[in-house]
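First comes the structure, then the notes that go with it.
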Amino acid sequence: MKVLGISGSMRKEGNTALLVQAILDRCREEGIETEFLSLAGKTIKPCLGCEDCKRNLTCAVRNDDWHAIAEKVIACEVLVLGSPTYYYDVNGHTKNFIDRTYSLYHNRVLAGRRAVGVAVCADKGGSRALQTIEGFFSSHEFSYLGGVQGRGYLAGEVLKDADAMRRAREIGDKIVRLLMPSD
């Protein structure tokens with residue numbers, strides 16, 4: 001798959017999912033293959049800090065959904081990662097996902113892919129959440145295409161954020177240009 005969108009929100013169809021989907025929708029309009037994945041309902045245990053991944057080049061934590069999600073991230077060309085903002089940063093579930101990718105860091109499995117960050121906040125903290133996502137991308141040597149910050153608290157409220165929806169479309173256009181270069 002070319003573009004993978006992940007929503008780290010525990011609300012399967014919440015504002016974060018809607019904003020990630022807006023980017024994917026623009027890509028699909030141009031015939032680009034996309035997949036959307038919600039972390040809601042998924043079990044992602046925290047990193048144990050055991051360092052086994054340095055030797056084995058795979059995460060030692062088993063019996064959760066992280067490995068299947070990681071396979072999809074490895075297979076994509078562009079990753080769109082979104083998180084709601086909890087206390088001025090990404091939510092815990094998204095952070096668990098990010099932390100577990102340390103097992104992919106040692107042999108630079110994710111390097112060279114492109115990435116987009118998405119953060120949704122009710123009031124404040126979206127820029128800090130985007131910084132955390134950008135730090136994840138930078139550590140793994142993704143090429144960062146930019147971020148989208150939206151505002152929304154109640155279900156569907158982010159769709160009323162005209163700036164966020166415009167920016168999502170612009171980012172989608174950027175992905176389209178990269179994956180479907182003109183002749």
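Below, each value reflects all heavy atoms present in this structure, side chains not excepted, and no hydrogens, waters or symmetry copies. The first residue in the sequence is number 1, and the count goes up from there. The structure presented is a predicted model; accordingly, all values stated were derived computationally and were not measured.
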Point to revise | Minimum side-chain heavy-atom gap N63-K45 below 4.5 Å | key: yes

**Study point:** Test log, rule side chain to side chain contact (heavy atoms under 4.5 Å, CB included), inputs S103 and T58
**Key:** CA-CA 5 Å; S103 62; T58 187; 5.7 Å; no

Practice item. Would you sort out whether R113 and S143 count as a side chain to side chain contact (heavy atoms under 4.5 Å, CB included), showing the intermediate values? Key: CA-CA 6 Å; R113 285 166 184 71; S143 176; over 6 Å; no

Exercise for review: Answer yes or no: is there a donor N or O on one side and an acceptor on the other, between the side chain of H140 and the main chain of F136, under 3.5 Å?
Suggested key: no

Point to revise | Within-4.5 Å side-chain heavy-atom neighbours: L145 and L178 | key: yes

Point to revise | Residue pair L37 / K42, side-chain heavy-atom distance below 4.5 Å | key: yes

Check your understanding: In chain order, what residues pass the side-chain hydrogen bond (donor to acceptor under 3.5 Å, both in side chains) check against R100, with sequence neighbours excluded?
Key -> D64

Review point. Please, which pairs that meet ring-ring contact (aromatic ring centres under 6.0 Å, His included) have at least one residue in residues 31-59, sequence neighbours excluded?
Key: none

Check your understanding: Got a sec: does the OH of Y105 have more than 12 other heavy atoms crowding it under 6.0 Å?
Key -> no

Check your understanding: In chain order, what residues pass the salt bridge (Lys or Arg N to Asp or Glu O under 4.0 Å) check against K95, with sequence neighbours excluded?
Key -> D99

Check your understanding: Side chain of E157, backbone of Y153: donor and acceptor closer than 3.5 Å?
Key -> yes

Review point. Would L39 and Y86 show up in the same hydrophobic cluster when neighbours are defined by side-chain heavy atoms closer than 4.5 Å?
Key: no

Review point. Within the side chain of D65, is there an N or O that forms a donor-acceptor pair under 3.5 Å with the backbone of T43?
Key: yes

Point to revise | Flag side-chain contact, heavy atom, 4.5 Å: V116 against I23 | key: yes

Point to revise | Separation between NZ of K174 and CG of L179, rounded to the nearest 0.5 Å | key: 12.5 Å

Check your understanding: What's the verdict on side chain to side chain contact (heavy atoms under 4.5 Å, CB included) for I32 and M180, showing C-alpha distance, side-chain angles and the deciding distance?
Key -> CA-CA 8 Å; I32 294 174; M180 297 182 69; 3.6 Å; yes

Revision key, fill the gap. When every non-hydrogen atom of G150 is compared with those of V158, the smallest separation belongs to CA-CG2, 4.0 Å

Check your understanding: Can you tell me how far CZ of R26 sits from CD1 of I171, rounded to the nearest 0.5 angstrom?
Key -> 12.5 Å

Check your understanding: Just how far is it from atom CG of L18 to atom OG of S7, taken to the nearest 0.5 Å?
Key -> 8.5 Å

Check your understanding: Is any side-chain heavy atom of N96 less than 4.5 Å from a side-chain heavy atom of P46?
Key -> yes

Point to revise | Atom pair CD (E51) and NE2 (H106), whose distance is rounded to the nearest 0.5 Å | key: 6.5 Å

Exercise for review: Verify side chain to side chain contact (heavy atoms under 4.5 Å, CB included) between K124 and Y88, making sure each step is shown before the conclusion.
Suggested key: CA-CA 7 Å; K124 297 178 183 175; Y88 296 88; 3.7 Å; yes

Check your understanding: Is there a path of hydrophobic side-chain contacts, each under 4.5 Å between heavy atoms of I, L, V, M, F, W or Y residues, that connects V20 with M165?
Key -> yes

Check your understanding: How long is the span from the SG atom in C59 to the CG atom in L48, to the nearest 0.5 Å?
Key -> 7.0 Å

Check your understanding: Atom OG of S139 and atom CG of L110: how far apart are they, to the nearest 0.5 Å?
Key -> 11.0 Å

Review point. So, for A129 and V90, which heavy atoms are closest and what is the spacing to 0.1 Å?
Key: O-CG1, 3.6 Å

**Study point:** side-chain hydrogen bond (donor to acceptor under 3.5 Å, both in side chains) partners for E141, two or more places apart
**Key:** R108

Review point. What residues, two or more places apart in sequence or in another chain, satisfy salt bridge (Lys or Arg N to Asp or Glu O under 4.0 Å) together with R167?
Key: E170

Practice item. Return yes if some donor-acceptor pair links the side-chain N/O of Y144 with the main-chain N/O of G147 below 3.5 Å, else return no. Key: yes

Practice item. Check side-chain hydrogen bond (donor to acceptor under 3.5 Å, both in side chains) between N107 and all other residues, then give those that pass, not counting sequence neighbours. Key: none

Review point. Do L159 and L24 belong to the same hydrophobic cluster, where Ile, Leu, Val, Met, Phe, Trp and Tyr are linked whenever their side-chain heavy atoms lie under 4.5 Å apart, directly or via other members?
Key: yes

Under 3.5 Å, which donor-acceptor pairs link side chains of residues 67-76 to any protein atom two or more places apart or in another chain?
{"unit_1": "H67", "atom_1": "ND1", "unit_2": "R62", "atom_2": "NH1", "d": "3.3"}
{"unit_1": "H67", "atom_1": "NE2", "unit_2": "V61", "atom_2": "O", "d": "2.9"}
{"unit_1": "H67", "atom_1": "NE2", "unit_2": "R62", "atom_2": "NH1", "d": "3.1"}
{"unit_1": "K72", "atom_1": "NZ", "unit_2": "E35", "atom_2": "OE2", "d": "2.8"}

Just list the side-chain donor-acceptor pairs under 3.5 Å for residues 78-85, sequence neighbours left out, or say none.
{"unit_1": "S83", "atom_1": "OG", "unit_2": "N91", "atom_2": "N", "d": "3.1"}
{"unit_1": "S83", "atom_1": "OG", "unit_2": "N91", "atom_2": "OD1", "d": "3.1"}
{"unit_1": "S83", "atom_1": "OG", "unit_2": "T94", "atom_2": "OG1", "d": "3.4"}
{"unit_1": "T85", "atom_1": "OG1", "unit_2": "V120", "atom_2": "O", "d": "3.1"}

Exercise for review: Take Q21 and R28 through the side-chain hydrogen bond (donor to acceptor under 3.5 Å, both in side chains) test and state the conclusion after the steps.
Suggested key: CA-CA 10 Å; Q21 289 273 23; R28 279 192 296 270; 3.3 Å; yes

Revision key, fill the gap. Closest non-hydrogen contact found for L19 with A168 is CD1-CB, 4.0 Å

Review point. Are V118 and V176 co-members of a hydrophobic cluster defined by side-chain heavy atoms under 4.5 Å apart?
Key: yes

**Study point:** salt bridge (charged side-chain N to carboxylate O under 4.0 Å, His left out) contacts touching residues 2-20 (sequence neighbours left out)
**Key:** K2-E77

**Study point:** Hydrophobic cluster partners of L57 (side-chain heavy atoms under 4.5 Å)
**Key:** none

Practice item. Give a yes or no on whether V109 and F97 share a hydrophobic cluster (residues Ile, Leu, Val, Met, Phe, Trp, Tyr; joining criterion: side-chain heavy atoms under 4.5 Å apart). Key: yes

Exercise for review: Only counting residues at least two apart or in another chain, list the ones meeting salt bridge (Lys or Arg N to Asp or Glu O under 4.0 Å) with R128.
Suggested key: D89

**Study point:** Partners meeting side-chain hydrogen bond (donor to acceptor under 3.5 Å, both in side chains) with N56 (sequence neighbours left out)
**Key:** none

